[in-house]
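Convention: sequence-line order gives letters A, B, ...; per-chain numbering from 1.
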2 protein chains.
Amino acid sequence: MTARSSTDANRVIPEATVARLPVYLRALTALADSGIRTCSSEDLASAAGVNSAKLRKDLSYLGSYGTRGVGYDVDYLRYQIAREIGVTQDWPVVIVGIGNLGHALANFSGFRSRGFRIVALLDADPELVGQTVAGVQVQPFDELEETVRNHDVAIGVIATPAVAAQDVADRMVAIGITSILNFAPAVLAVPEGVDVRKVDLSIELQILAYHEQRKANGAEPGPAAAATADGGAA
Amino acid sequence: MTARSSTDANRVIPEATVARLPVYLRALTALADSGIRTCSSEDLASAAGVNSAKLRKDLSYLGSYGTRGVGYDVDYLRYQIAREIGVTQDWPVVIVGIGNLGHALANFSGFRSRGFRIVALLDADPELVGQTVAGVQVQPFDELEETVRNHDVAIGVIATPAVAAQDVADRMVAIGITSILNFAPAVLAVPEGVDVRKVDLSIELQILAYHEQRKANGAEPGPAAAATADGGAA
DNA sequence: AGGAGTTTGTGAACGTGAGAACAAAACCGG
DNA sequence: CCGGTTTTGTTCTCACGTTCACAAACTCCT
Ligand SMILES: NC(=O)c1ccc[n+]([C@@H]2O[C@H](COP(=O)([O-])OP(=O)(O)OC[C@H]3O[C@@H](n4cnc5c(N)ncnc54)[C@H](O)[C@@H]3O)[C@@H](O)[C@H]2O)c1
Ligand SMILES: NC(=O)c1ccc[n+]([C@@H]2O[C@H](COP(=O)([O-])OP(=O)(O)OC[C@H]3O[C@@H](n4cnc5c(N)ncnc54)[C@H](O)[C@@H]3O)[C@@H](O)[C@H]2O)c1
């Protein structure tokens, strides 16, 4: 109905698969770094911590990039996954809320190396504004709109206290940001078409506590080795 | 087969439900704080950002704590969920790797208020050892065993670089830690019976980038408003 | 060239989770 | 005490995700 990208868009990739592709990408990068040029689905699966059938099925959604009897070319597959995810291009990102967590995020080098570029740090606190964090000057929150327009930002990160999170999200959405990564422990309401993903440390710990309690109570088949995945729709 | 907790353990609660219980708990706390003493499943569901049928089904796994025609008593339900998750007791936690992220975690007040107590911060860097972060002195990594035994720690947090993560995890497991929250972008191998949950910022961003790219390519039914859930078994 | 050995890609079976729908239970007003 | 109203708890159905198992496709050795 609309534009098509080079390799036949609108193939639908299950959310669960999308959530694992970055893991495969990381595993492939590790393999490439250790000089391995070819790997089997078994190799890659164990490096990624999944079972090989699942890996093969996941990759089959992207296309047929392996060679039967041989395996996958590490660099080629890596490029294909990167292209599918969209990290062959650079994504400009803004971070709002430069407190404890915001500082850590700003200093995190893993951003750049994975296709994301921090173009602005913003905070409502006048004390913080003007300070330089990780080589970037903190701007007043009011400059959000200007910055987003100048850099054509689509992805915003919220690292403010929970009470401010909805306000910040509203502002982001109003300005045209369509993907939000939210670290504040708050449920964000956003219009259709805007993606929100949340990272919530407390929830993760509480899930661990639940299983820990069950182990202590003698519930035999204790699960183990969990992860994080999922997606959803608004 | 073994000990039973007060309210009939070994009821099996689906992982997807376990992952949402902390969200309900947070929503209930918010309601309680604003003076609301009773709420319907509809109210709570919208506060938690889920649909009410799902909420009711989730709660039904815990027991029958509502009143038909009336709704749920906020405080009562809150207590029941907290008890089920295991956050009525305090969980001692150790954090290993006090860099950018470790500092932020140590300073995070949301720990204590949700039933977790940081009993130790550990790092391999001699420069860091002895410094006080968030009122706790950083200890050398070698003191892990002693600390874990003294405080009966079951939950460990890894905030070291990826290369060190597996080593740290091995040490933790050897000492008796059975739940690990891993922030390093690495797949951890742990024996059966040990739970690992990972928080990976880069993966979250890449998932957002994927959907963002699809939006740009004109894939109409763009999903939105995702979250984070899941569990698994080793 | 052909057969043995590998390894992918996928069809099918199975399990888990989501959502609609409704009967059972509680309250309320008369 | 009874009928109407509200809201829960649960059942049923469908969609999604995982895993198994195997034919197809490729390599390599003889
Ligand atoms: N620190 C952690 O390790 C951690 C872990 C998990 C979750 N979180 C969550 O992340 C968020 C940030 O945590 P933190 O420890 O960095 O908090 P913080 O208080 O150190 O920092 C919050 C920052 O947000 C700024 N801010 C407040 N309102 C704002 C607004 N309306 N617009 C722009 N900026 C605003 C403040 O000036 C401050 O600099 C919180 O919601 C917290 O619950 C933190
Ligand atoms: N900074 C972030 O916002 C962020 C975001 C997502 C993920 N991460 C990940 O979290 C981890 C920590 O990030 P960071 O920015 O705090 O890194 P960092 O380099 O600032 O801190 C790492 C700390 O771990 C310590 N360490 C190294 N090896 C150790 C060992 N064997 N035992 C004990 N301590 C050891 C180091 O001394 C250092 O203090 C990394 O894996 C990073 O990829 C960080």
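- Going from atom CG of Leu44(B) over to atom P of dT7(D) covers 14 Å, rounded to whole Å.
- Contact annotation: the side chain of Arg20(A) approaches that of Val50(A) to within less than 4.5 Å [non-hydrogen atoms, C-beta and beyond].
- Atom CD in Glu42(B) sits about 12 Å away from atom C1' in dT6(D), given to the nearest Å.
- Residue Leu181(B) forms a side chain to side chain contact (heavy atoms under 4.5 Å, CB included) with just one option from Ile95(B), Ile158(B), Val157(B), Ile155(B), and that option is Val157(B).
- To the nearest angstrom, C1' of dT7(D) lies 15 Å from CG of Asn51(B).
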Exercise for the section: Starting from the C-alpha separation in whole Å, work towards a yes-or-no answer on side chain to side chain contact (heavy atoms under 4.5 Å, CB included) for Glu84(A) and Gln213(B). Expected result: CA-CA 9 Å; Glu84(A) 187 70 40; Gln213(B) 180 176 246; 5.8 Å; no
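- Between Arg112(B) and Asp90(B) there is no salt bridge, since no side-chain nitrogen of the basic residue lies less than 4.0 Å from a carboxylate oxygen of the acidic one.
- With rounding to whole Å, Leu55(A) atom CG is found 17 Å from dG17(D) atom P.
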Distances for protein N or O near nucleotides 24-29 of chain D N or O, under 3.5 Å:
from    : atom 1 : to       : atom 2 : distance (Å)
dA24(D) : N3     : Arg68(A) : NH1    : 2.8
dC26(D) : O4'    : Arg68(A) : O      : 3.4

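- When the P atom of dT10(D) is taken as reference, atom CG of Leu59(B) falls 11 Å away, rounded to whole Å.
- Regarding contacts with the backbone of dC22(D), every side-chain N or O of Arg56(A) stays at 4.0 angstrom or more from both OP1 and OP2.
- Nearest-nucleotide mapping onto DNA chain D: of Tyr61(A) and Cys39(B), the residue sitting toward the 5' end is Cys39(B).
- Contacts between chain A and DNA chain C, taken as any atom within less than 4.0 angstrom of a protein heavy atom, begin and end at dT6(C) to dA12(C).
- Per the geometry, OH belonging to Tyr65(B) stands 12 Å off P belonging to dT10(D), to the nearest Å.
- Residue Ser202(B) holds its OG atom at 7.5 Å from CZ of Arg26(A), rounded to the nearest 0.5 Å.
- The residue among Ala53(B) and Asp58(A) whose nearest nucleotide of DNA chain D lies closer to the 5′ end is Ala53(B).
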Exercise for the section: Test Asp73(B) against Thr38(B) for side-chain hydrogen bond (donor to acceptor under 3.5 Å, both in side chains), laying out the working first. Expected result: CA-CA 5 Å; Asp73(B) 181 285; Thr38(B) 287; 4.8 Å; no
Handout entry: Step-by-step side chain to side chain contact (heavy atoms under 4.5 Å, CB included) determination, Tyr72(A) to Leu59(A)
Key = CA-CA 10 Å; Tyr72(A) 300 93; Leu59(A) 294 183; 3.6 Å; yes
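- Between Ser41(A) and the options Lys57(A), Lys54(A), Arg56(A), a side-chain hydrogen bond (donor to acceptor under 3.5 Å, both in side chains) holds for only Arg56(A).
- Across the interface with DNA chain C, nearest-nucleotide mapping of Lys57(A) and Ser64(A) shows Ser64(A) to be the residue nearer the 5′ end.
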Practice task
Check the pair Asp170(B) / Gln166(B) against side-chain hydrogen bond (donor to acceptor under 3.5 Å, both in side chains), numbers first and verdict last.
Solution key: CA-CA 6 Å; Asp170(B) 290 344; Gln166(B) 183 65 58; 2.8 Å; yes
